[in-house]
Amino acid sequence: MVDIMDVKDHVGQEVEIRGWLYNRRSSGKLQFLILRDGSGLIQVVLAANSVSPDDFAAGNRLTQESSVIVTGVVRADSRAPGGFELTGTSLRLVSLAGEYPITPKEHGTEFLMDNRHLWLRTPRQEAIMRIRQEVTLGLRQWLADRGFIEMPSPILTPSSCEGTSTLFETTYFERKAYLSQSGQLYAEAAAMALGKVFTLGPTFRAEKSKTRRHLIEFWMLEPEIAFCDQAENMVIQEEMISYVVQRVLANRAAELAVLERDTAPLQKVTPPFPKIMYDDAVELLKRKGHEFNWGDDFGTPHELAITEEFEKPVFVVGFPTAIKAFYMQPFPERPEIVLAADLLAPEGYGEIIGGSQRIHDLDLIEQRIKEHNLPRADYEWYIDLRKYGSVPHSGFGLGIERFVSWICKLEHLREAIPFPRLLNRIYP
RNA sequence: UCCGCGGUAGCUCAAUGGUAGAGCAUCCGGCUGUUAACCGGAGGGUUACAGGUUCGAGCCCUGUCCGCGGAGCCA
């Protein structure tokens, strides 16, 4: 048995391919079967004198997406898509497919989303999923190589992590529980145990967001590092992002080609990334004619206006304390801003990372929990981290689907995850 | 939640208020190098739903539902 992607290494040999019929063309005594097996596409030529009459007839009855096992001799042929093809020697039907909804013609997104379980079989979706795997593998590899330990955080939580976004409520036997919207607080505890850690898992936001940049359920990577300040935090981010982008360029060139992704902008993604103070970003926006006041949070048009000034991802540093989470460390000498930075991706993809140095002072964290009206009882364990050997520490959250969408230059986040949960969609 | 656009065959889309159409898919037939193959034939419709105007509504009006795009919020 040979994967289609490896067929090119078996020229002149007879190989067995197990897969599904992607498309079929026939010229009477000659059939062209395009097979897919998840690793690629290949054309199998069935001639009346190359296979038995029964196998030839079976080929004629094949419907789109029928599963088959074929054997054939590999031949280089410029007329074949991909340059290699099989001269079929046998064909065995595994299962005859019924009328397949996704035809070789174009379809609308609503229909494709209703058939997401089948849509995943198309070459474009395969390419995106392979790139997604390269991204998560690359992130894990880069972190593991630097001594980070993967520490999963719980999905069922007793209360909000940040007390801001809307949470999904569920029941935990006799009491209420919530689906996690961030693993960060748990990552902080883990960092005090193992030094350098990360959590990678699903997070849930019950916000009625309805844009191409939002998912209800999405995956987030959240590294957390003890004895790390915000400057070091940003170095980690820019080196990790650059490594993964360059790795995808090196290992997934074929998939990027399927997506017709212009790789020139990605090749420029190398450390260091430009940094702009929030203060200066406000001035930049005013200069470009935006109505924007110091203290406002960025909307989509503002992120676009900032990122179009740069070719690489750009850090916006020093946000107003009032618009950021309760746990962020104030700037030295400037309590009105925090040691936090958002990383904005180029080409209109916006925020892919939010990171900060965390408050390590016991009195200040207690004060902030009070100011934000958070239920102190739920945060006792978090406060403990400041009681027992507190150290300066930093971390960040990376949105996996936004990162993948940018690398693939997707129109919509829904294609970056196998089964997207959207505002009006929980099927399939 | 707000603003805008849309819903016709399994799919993608046509159709001056006057007989419901095409391509793809499916089925039948033809073709020994096809490239979203091609050629001939067949079947396939509660025009989202509910009302209304009209001699006559896919088309005009009202309401509802659903979807898409954008905003806000965020990764």
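Atoms considered below: every heavy atom in the structure, side chains included; atoms not considered: hydrogens, waters and symmetry mates. Chain identifiers are assigned alphabetically (A, B, ...) following the order of the sequence lines, protein sequences preceding nucleic acid strands; residue numbering begins at 1 within each chain.
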Checklist entry - Nearest of B:C74, B:U34, B:A75 to any side-chain atom of A:Glu303? => result B:C74

Next on the checklist: Once you apply a heavy-atom cut-off of 4.0 Å, does A:Asp77 come out as touching a base, just sugar-phosphate, or nothing?
Outcome noted: base

Item to check | Comparing A:Thr103 and A:Leu423 on RNA chain B - which has the more 5′ nearest nucleotide | outcome: A:Leu423

Checklist entry - Are A:Tyr100 and B:A25 stacked, counting the six-membered base ring, centres under 5.5 Å, planes under 30°? => result no

Checklist entry - Do the side chain of A:Arg402 and the base of B:C74 come within less than 3.5 angstrom through a donor-acceptor pair of N or O atoms? => result yes

Checklist entry - Expressed in whole Å, how much space separates the P atoms belonging to B:G45 and B:C11? => result 13 Å

Next on the checklist: Between B:A9 and B:G69, how many Å separate the two C1' atoms, rounded to a whole number?
Outcome noted: 27 Å

Item to check | Output field: ring centroids A:His393/A:His360 closer than 6.0 Å | outcome: no

Item to check | 5' precedence on RNA chain B between A:His302 and A:Ile216 (nearest-nucleotide basis) | outcome: A:His302

Next on the checklist: Rounding to an integer number of angstrom, what distance separates B:U46 and B:G51 when you compare their C1' atoms?
Outcome noted: 16 Å

Item to check | Proximity to the side chain of A:Thr300 - top-ranked nucleotide from B:G72, B:U34, B:A75 | outcome: B:G72

Next on the checklist: Ring-plane angle category for A:Tyr382 and A:Phe326, please: parallel below 30°, perpendicular beyond 60°, tilted otherwise.
Outcome noted: perpendicular

Checklist entry - Which nucleotide, B:U34, B:G72, B:U32, lies nearest any side-chain atom of A:Pro301? => result B:G72

Checklist entry - Is the number of heavy atoms from other residues, nucleotides or ligands under 6.0 Å of A:Lys8 NZ greater than 12? => result yes

Checklist entry - In whole Å, what is the span from the CZ atom of A:Phe403 to the C1' atom of B:A75? => result 13 Å

Checklist entry - A:Gly299 near the nucleic acid: base, sugar-phosphate alone, or nothing, with a heavy-atom cut-off under 4.0 Å? => result sugar-phosphate

Item to check | Whole-Å P distance, B:C68 and B:G41 | outcome: 39 Å

Checklist entry - Whole Å only: how far is the CG atom of A:Leu118 from the C1' atom of B:C11? => result 13 Å

Item to check | Nucleotide nearest A:Asp297 (side chain, heavy atoms from C-beta), chosen from B:A75, B:C74, B:U34 | outcome: B:C74

Next on the checklist: Can you measure A:Asp342 atom CG to B:A75 atom P for me and round it to whole angstrom units?
Outcome noted: 7 Å

Next on the checklist: Please confirm whether the shortest side-chain N or O distance from A:Arg414 to OP1 or OP2 of B:G69 is below 4.0 Å.
Outcome noted: yes

Checklist entry - Among B:A71, B:U26, B:C74, which nucleotide sits nearest the side chain of A:His214? => result B:C74

Next on the checklist: Assess, by modelled atom type and distance only, whether the side chains of A:Arg61 and A:Ser66 contain a donor and an acceptor separated by less than 3.5 Å.
Outcome noted: no

Checklist entry - What nucleotide among B:G33, B:U32, B:C73 has an atom nearest to a side-chain atom of A:Val45? => result B:G33

Checklist entry - Which value, in whole Å, describes the distance between the P atoms of nucleotides B:A57 and B:C61? => result 16 Å

Checklist entry - So with a 6.0 Å cut-off around CD of A:Gln133, is the heavy-atom count from everything else above 12? => result yes

Next on the checklist: Strictly below 4.0 Å: does A:Arg213 bring a side-chain N or O up to OP1 or OP2 of B:A71?
Outcome noted: yes

Checklist entry - So what does A:Leu215 hit on the nucleic acid, given a heavy-atom distance under 4.0 Å: a base, only sugar-phosphate, or nothing? => result base

Checklist entry - To the side chain of A:Arg205, which of B:G33, B:C74, B:C11 is closest? => result B:C74

Next on the checklist: Do A:Arg146 and A:Trp142 form a cation-pi contact, if we require the NZ or CZ to be under 6.0 Å from the six-membered ring centre and within 45 degrees of the ring's axis?
Outcome noted: yes

Next on the checklist: Parallel, tilted or perpendicular, judged at 30° and 60°: which one describes the rings of A:Tyr278 and A:Phe298?
Outcome noted: tilted

Checklist entry - What distance, rounded to whole Å, do you find between the two P atoms, one in B:U12 and one in B:C74? => result 36 Å

Checklist entry - Using a cut-off of 4.0 Å on non-hydrogen atoms, how would the nucleic acid contact of A:Ile400 be classed: base, sugar-phosphate, or nothing? => result nothing

Item to check | Lys NZ or Arg CZ of A:Lys324 over A:Phe319 ring: under 6.0 Å, within 45° | outcome: yes

Checklist entry - Which part of the nucleic acid does A:Glu85 contact within heavy-atom distance under 4.0 Å: base, sugar-phosphate only, or nothing? => result base

Checklist entry - Given the C1' atoms of B:A20 and B:G33, what is the spacing between them in whole Å? => result 40 Å

Checklist entry - For A:Phe218, which contact category applies under a 4.0 Å heavy-atom criterion: base, sugar-phosphate, or nothing? => result base

Next on the checklist: Please classify the nucleic acid contact of A:Glu401 as base, sugar-phosphate, or nothing, using heavy-atom distances under 4.0 Å.
Outcome noted: nothing

Checklist entry - In whole Å, what separates the C1' atom of B:A50 from that of B:C66? => result 15 Å

Checklist entry - Side chain of A:Thr109: nearest nucleotide among B:G69, B:C31, B:C68? => result B:C68

Checklist outcome for this item: Under a 3.5 Å limit on both distances, the Watson-Crick or wobble mate of B:G69 is B:C3

Checklist entry - Just checking A:Glu99: base, sugar-phosphate only, or nothing, at a heavy-atom cut-off of under 4.0 Å? => result base

Item to check | Pair of N/O donor and acceptor under 3.5 Å linking B:U32 base with A:Gln31 side chain | outcome: no

